[in-house]
2 protein chains.
Amino acid sequence: MVKTQTRTLKTRAKLLESARNIVTSTGYEALRVEHVVQQAGVAKGTFFAHFKDKDALMEALIAPELHHFLDEIEQRPAPKDIESLTAALRPVMQFAVSERYIFDVILRHSGAAAKAEIGPIASVIFRMGEVLANWLAKAPFRKDISPALLADGIGAFLFQALALHFCALNNTQSIEDRMQVYLHAWLLPQV
Amino acid sequence: MVKTQTRTLKTRAKLLESARNIVTSTGYEALRVEHVVQQAGVAKGTFFAHFKDKDALMEALIAPELHHFLDEIEQRPAPKDIESLTAALRPVMQFAVSERYIFDVILRHSGAAAKAEIGPIASVIFRMGEVLANWLAKAPFRKDISPALLADGIGAFLFQALALHFCALNNTQSIEDRMQVYLHAWLLPQV
DNA sequence: TCCATTAATTGACCATGGTCAATTTCATGG
DNA sequence: CCATGAAATTGACCATGGTCAATTAATGGA
């Protein structure tokens with residue numbers, strides 16, 4: 001019952017390769033669907049037969065990067081302190097901030113995104129919650145709330161820090177500094 | 001030196017009135033610039049002479065609503081507990097969630113938005129931080145961090161709760177319930 | 001090997017936000 | 001009251017994402 005897969009897979013691969021080339025040379029923001037299909041040597045309609053819309057392609061490009069960072073985070077031992085936690089999150093933050101468009105896409109499609117359907121980015125954000133929760137269970141932080149809730153909070157503060165990074169009103173301190181402050185207050189309250 | 005203001009003001013007012021009518025009858029998402037200018041009886045170019053882009057109009061429509069909620073929050077006495085805080089935030093949450101498009105616009109343009117310029121929504125979010133900070137200085141919550149940081153955190157959790165509301169993966173509990181949990185963990189840690 | 005059925009592809013076409021050179025309106029000084 | 005220059009307005013036009021009926025390619029059965 002599985003028909004005509006080779007052709008389909010090849011086309012999809014061509015589209016993705018073309019898109020990746022364009023992103024590499026001109027960045028995400030400047031990517032045009034028309035350019036992608038030209039490079040891939042297919043018609044425009046074909047693109048939309050493979051990707052629901054342009055954002056779906058963006059998700060297909062960005063989500064794997066995030067998964068890659070999570071893979072690396074999973075390798076690490078549980079963090080001993082706030083610093084090691086910040087260090088672990090650094091690659092994610094740097095990537096998300098490296099181009100404004102990237103953060104926009106992540107924002108649009110993360111749980112922090114108004115999407116009913118669960119796409120690649122929502123999935124990877126969800127996975128981040130799990131990875132962090134597992135990790136936090138073994139970390140020397142506050143124990144009055146569940147690791148899942150701790151992870152949720154880290155996610156919230158992560159988005160806040162990233163968002164403020166792009167906001168002219170608030171960019172006196174670096175993302176990492178800001179994140180450090182948030183994490184201290186969240187993970188190690190001194191009441 | 002102030003020339004031809006009446007005409008300009010009138011045109012802008014016509015555009016806003018037209019837009020408000022359309023929003024009232026069909027919602028934000030369905031608003032089309034072409035429809036707005038038709039109703040207002042002006043040319044399309046005029047619209048863009050008054051608003052940088054469609055989102056600028058959206059900001060002009062949505063920011064005042066948020067300011068209105070903040071005005072009401074400012075009236076209230078400082079919250080005695082998490083419940084009264086949640087109650088104060090309720091109108092904002094309900095509005096932000098009443099249409100997905102509204103939340104999208106707020107997300108795009110809040111500090112939680114990748115915008116360099118400070119627009120009406122970024123301003124109102126900033127004001128929310130101030131209002132909450134003033135309020136929290138008098139509230140019976142943790143005192144180990146500044147009111148401004150407390151307010152920042154509330155903002156972060158507010159966006160998180162709103163975002164999860166729209167996310168299929170996570171919508172088992174209501175926004176308010178979720179917010180309650182977040183605020184407890186943030187404002188009254190039990191370490 | 002040929003036919004029928006289904007899947008994949010095509011590209012002309014549409015929807016909509018946004019631009020800009022040309023035109024009209026207005027305020028003001030002479 | 002007219003001329004002049006600045007400000008506001010116009011609408012044809014463009015850019016780009018997205019649609020869909022028609023066409024082509026592939027698959028499996030007889």
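Order of the sequence lines fixes the chain letters, A, B, ..., with proteins taken first and strands second; residue numbering starts at 1 for each chain. Atoms considered below: every heavy atom in the structure, side chains included; atoms not considered: hydrogens, waters and symmetry mates.
Interface residues of residues 26-38 of chain A facing DNA chain D, ordered by number: A:Leu31, A:Arg32, A:Val33; criterion, heavy-atom separation under 4.0 Å.
B:Phe47 has its CZ atom 10 Å from the C1' atom of C:dG18, to the nearest Å. Taking atom NZ of B:Lys10 as the reference point, atom P of C:dC26 lies 10 Å away to the nearest angstrom. Protein atom NZ of B:Lys54 is 11 Å distant from nucleotide atom C1' of C:dA15, rounded to whole Å. Distance, A:Met58 CE to D:dG17 C1': 12 Å, rounded to whole Å. Spacing between atom NZ of B:Lys52 and atom C1' of C:dT19 amounts to 13 Å, rounded to whole angstrom units. The nearest whole Å value for the distance from the CG atom in B:Leu15 to the C1' atom in D:dA8 is 12 Å. Across the protein-nucleic acid pair, B:Leu57 atom CG and C:dT16 atom P stand 16 Å apart, rounded to whole Å. The interatomic distance linking B:Leu9 (CG) with D:dA8 (C1') rounds to 13 Å, in whole Å.
Taking only side-chain nitrogens and oxygens, A:His50 never comes nearer than 4.0 Å to OP1 or OP2 of C:dA8. Close to C:dA8, at under 4.0 Å from its OP1 or OP2, lies no side-chain N or O of A:Thr11. A sub-4.0 Å separation between OP1 or OP2 of C:dA8 and a side-chain N or O of A:Thr46 is absent.
In this structure, B:Tyr28 and B:Phe95 have perpendicular ring planes: the angle between them is above 60°, well past the 30° mark. Between B:Phe159 and B:Phe103, the ring planes are tilted. Angles from 30° to 60° get that label.
Counting heavy atoms of neighbouring residues, nucleotides and ligands inside a 6.0 Å radius, atom CD of A:Glu74 exceeds 12 of them.
Taking only side-chain atoms of B:Arg7, from C-beta outward, the nucleotide of C:dG11, C:dG18, D:dA8 with the closest atom is D:dA8.
Under 3.5 Å, the side chain of B:Lys44 and the base of C:dG17 form at least one donor-acceptor pair of N or O atoms.
Looking only at atom types and distance, the side chain of B:Glu176 has no donor-acceptor partner in the side chain of B:Thr86 under 3.5 Å away.
Between A:Phe48 and B:Val42, the residue whose closest nucleotide on DNA chain D is further toward the 5' end is B:Val42.
Taking the ring axis of B:Trp186 as reference, the NZ or CZ atom of B:Arg142 stays within 45° of it and closer than 6.0 Å to the ring centre.
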Using a cut-off of under 3.5 Å, enumerate the N/O to N/O pairs linking the protein to nucleotides 2-4 of chain C.
none

side-chain hydrogen bond (donor to acceptor under 3.5 Å, both in side chains), that's the test. Do A:Gln160 and B:Gln160 meet it? Break it down for me.
CA-CA 9 Å; A:Gln160 177 90 347; B:Gln160 177 90 346; over 6 Å; no
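Counting heavy atoms from C-beta on, the side chains of B:Asp144 and A:Pro189 come closer than 4.5 Å.
Atom CG of B:Leu61 sits about 7.5 Å away from atom CZ of B:Phe51, to the nearest 0.5 Å.
The stretch residues 12-27 of chain A participates, sequence neighbours left out, in no side chain to side chain donor-acceptor pair (under 3.5 Å) pair at all.
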